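Notes follow the structure.
Just so you know, ligand 1 is whichever comes first in the structure, and atom 1 is the first atom listed for that ligand. All values derive from a computational prediction rather than experimental measurement. Basis for what follows: all heavy atoms, side chains included, without hydrogens, waters or symmetry-related copies.
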Amino acid sequence: MAVIVLSNREPYAPRTGPDGRVHWTASIGGLTTALDPVMQREGGTWIAWAETHPELRTVHLPEARPRYRVERLPLAEDDVRLFYHGFANGALWPMSHYFLERAQYRREEWDAYRRVNETFAQAALDCAQDGDVFWVHDYQLALVPGLIRRARPEARIGFFWHIPWPAQDVFRTLPWDRELLEGLLGADLIGMHTAAYTRHFLEACARTLGAETDVGTVRVGARTVRVEARPIGIDVATFETLASSPVTAERAQRLRDNLRTLMLLCVDRLDYTKGIPERLAAFGTFLERHPAARGRVTLVQVAVPSRERAPAYRHLRTQVEGLVGRINGQFSRDGWTPVHYIYRGLDREELVAHYRAADAMLVTPLRDGLNLVAKEFAASSQDGVLLLSRFAGAVDELPGAIEVNPYDVDGLSATLMRALRMPLEEKKARLAQMRQALRRHDLRAWTADFLRDLAGVAALPGPLVQL
Ligand code: GDG
């Protein structure tokens, strides 16, 4: 009995090095951060899209100490365009994040979405042994639970929806709302990040399907599907250890020495949901209102490249880089540059050194399923302040953060001043409060609880319940 994980993005991506050999690099993003550790511990199979190197179909990862198998599925060029850029990122992603003006619903893209979901479901069925547990991830694969259920009525299937589930009036703009819900309800257990998302989902089942629902459950024929808020945790101990190591302390000190000012940190995939232009505008306002801050505060924006082939994302990049240029053009002086803009991912150690060096971390998405960066900062910082958007799912769990409204440019600018003036004891108390909450629900507990509840304790293989 083993776990079969399905996700669109693969946990490690192959790159051909200068030596002509293929090297596997961990993908940056919430899903890999969350699931790779458990797969490395427990083994199993991970099924994902082979975005490059389609000739590599079955690989064992990580390279040095193979612990699990990845079944890589190549997709036809048309399916990449219609399924991935089309229905997944051009319809479901904006709709779920309340960006209806960006959502495009096209029949041809929906057809490709169904087709690719069938491919994933078939791949899982082909490699499954009796008793295996299927764990399907995210909005790209919503139909997979229903497809597996049809072929294997007895299967144990879990689903985790990583992004917001929007209010019913937004969800019902989707022409294939019934089909999407029916697909998801093939699962036994559906996890989401917040109680609000699960309420919206249950309302959708009741109103769109006329299904019988109760607190946290939906009746589907003879089956009862559980729908629960189970926000992903992080590996708190690893972040704490890494952040407090002498090497990180030295790196963090070097970052501070180079800046010679207070440091505001922002780390996001370059995505329009993350509120990057709004945040830069707030920083511009802050510098205008507080001349004394000029030369004393620097904003470091790490923007991880994302979905670069999509016009909306290319446009966002141009917009962000224009804003960075405008602020730097207006305020730079005497060797001080107000915004340091990094358009690439950092390696994990560098990232944690940035968390440690920052005086304040600005996590201000316009809408975000959860936001792991906020949690990672709270686990790594020793004297920083977290400003966190009220529209990030993580805000429910991090009472020590200062809650901000990312649409309120003036308010954000004022809160920045408050954060930078906060006494050290208050900063430490807030961090301690957040760390305590994070420790109670860390990543191991998240994975172990989900798999345990999915499989039923009696049927579980030993190691999974002992995590
Ligand atoms: C989706 C949902 C939900 C970021 N920059 C670097 C880097 N990262 C890592 C972070 C973090 C992950 O990527 C980003 O996770 P987020 O949660 O912030 O955002 P999404 O990618 O949009 O994730 C989100 C998540 O799924 C999980 O369910 O929270 O709401 O949108 O772990 O550390 N890692 C490295 N260098 C970087 O520069 N190494």
No-hydrogen, no-angle side-chain donor-acceptor test under 3.5 Å, [X] and [Y]:
{"X": "Ser389", "Y": "Thr364", "answer": "no"}
{"X": "Thr16", "Y": "His53", "answer": "yes"}
{"X": "Tyr355", "Y": "Glu376", "answer": "yes"}
{"X": "Arg226", "Y": "Thr217", "answer": "no"}

Identified side-chain hydrogen bond (donor to acceptor under 3.5 Å, both in side chains) partner of Asp257 from the options Arg254, Gln253, Arg260: Gln253
Check: Lys427 side chain, Ala419 main-chain N or O, donor-acceptor pair, under 3.5 Å: no
Do me a favour and list the nearest non-hydrogen protein atom to [atom] with residue, atom name and distance?
{"atom": "atom 14 (C) of ligand 1", "result": "Gly30 N, 3.8 Å"}
{"atom": "atom 19 (O) of ligand 1", "result": "Lys274 NZ, 3.2 Å"}
{"atom": "atom 29 (O) of ligand 1", "result": "Asn371 N, 3.0 Å"}
{"atom": "atom 9 (C) of ligand 1", "result": "Ile28 CG2, 3.9 Å"}
{"atom": "atom 21 (O) of ligand 1", "result": "Arg269 NE, 3.1 Å"}
{"atom": "atom 32 (O) of ligand 1", "result": "Glu376 OE2, 2.6 Å"}

With sequence neighbours excluded, residues passing ring pair (Phe, Tyr, Trp, His ring centres under 6.0 Å) with Phe87: Trp110, Tyr113, Trp176
Residue pair Gln40, Tyr68: steps toward the side chain to side chain donor-acceptor pair (under 3.5 Å) verdict: CA-CA 6 Å; Gln40 288 206 31; Tyr68 63 95; 5.6 Å; no
Polar contact flag for [X] and ligand 1 (N/O pairs, less than 3.5 Å):
{"X": "His162", "value": "yes"}
{"X": "Leu372", "value": "yes"}
{"X": "Leu346", "value": "yes"}
{"X": "Ile232", "value": "no"}

Just jot down the ligand 1 atoms closer than 4.0 angstrom to any heavy atom of [X], in number order.
{"X": "Leu351", "answer": "7 (C), 33 (O), 34 (N), 35 (C)"}
{"X": "Gly369", "answer": "30 (O)"}
{"X": "His193", "answer": "3 (C), 27 (C), 28 (O)"}
{"X": "Val267", "answer": "4 (C), 5 (N)"}

Contact bool for atom 6 (C) of ligand 1 (protein heavy atom, d < 4.0 Å): yes
Arg230 to Phe160, cation-pi by 6.0 Å centre distance and 45° axis angle: no
Residues which pass salt bridge (Lys or Arg N to Asp or Glu O under 4.0 Å) with Arg15, listed by chain and number, not counting sequence neighbours: none
Mutual orientation of the aromatic rings belonging to Tyr341 and Tyr343 [parallel < 30°, tilted 30-60°, perpendicular > 60°]: parallel
Shortest reach to atom 31 (O) of ligand 1 by a heavy atom, considering only Val304, Asp347, Asp368: Asp368
Side chain, backbone, both or neither: the part of Leu370 lying under 4.0 Å from ligand 1 by heavy atom: both
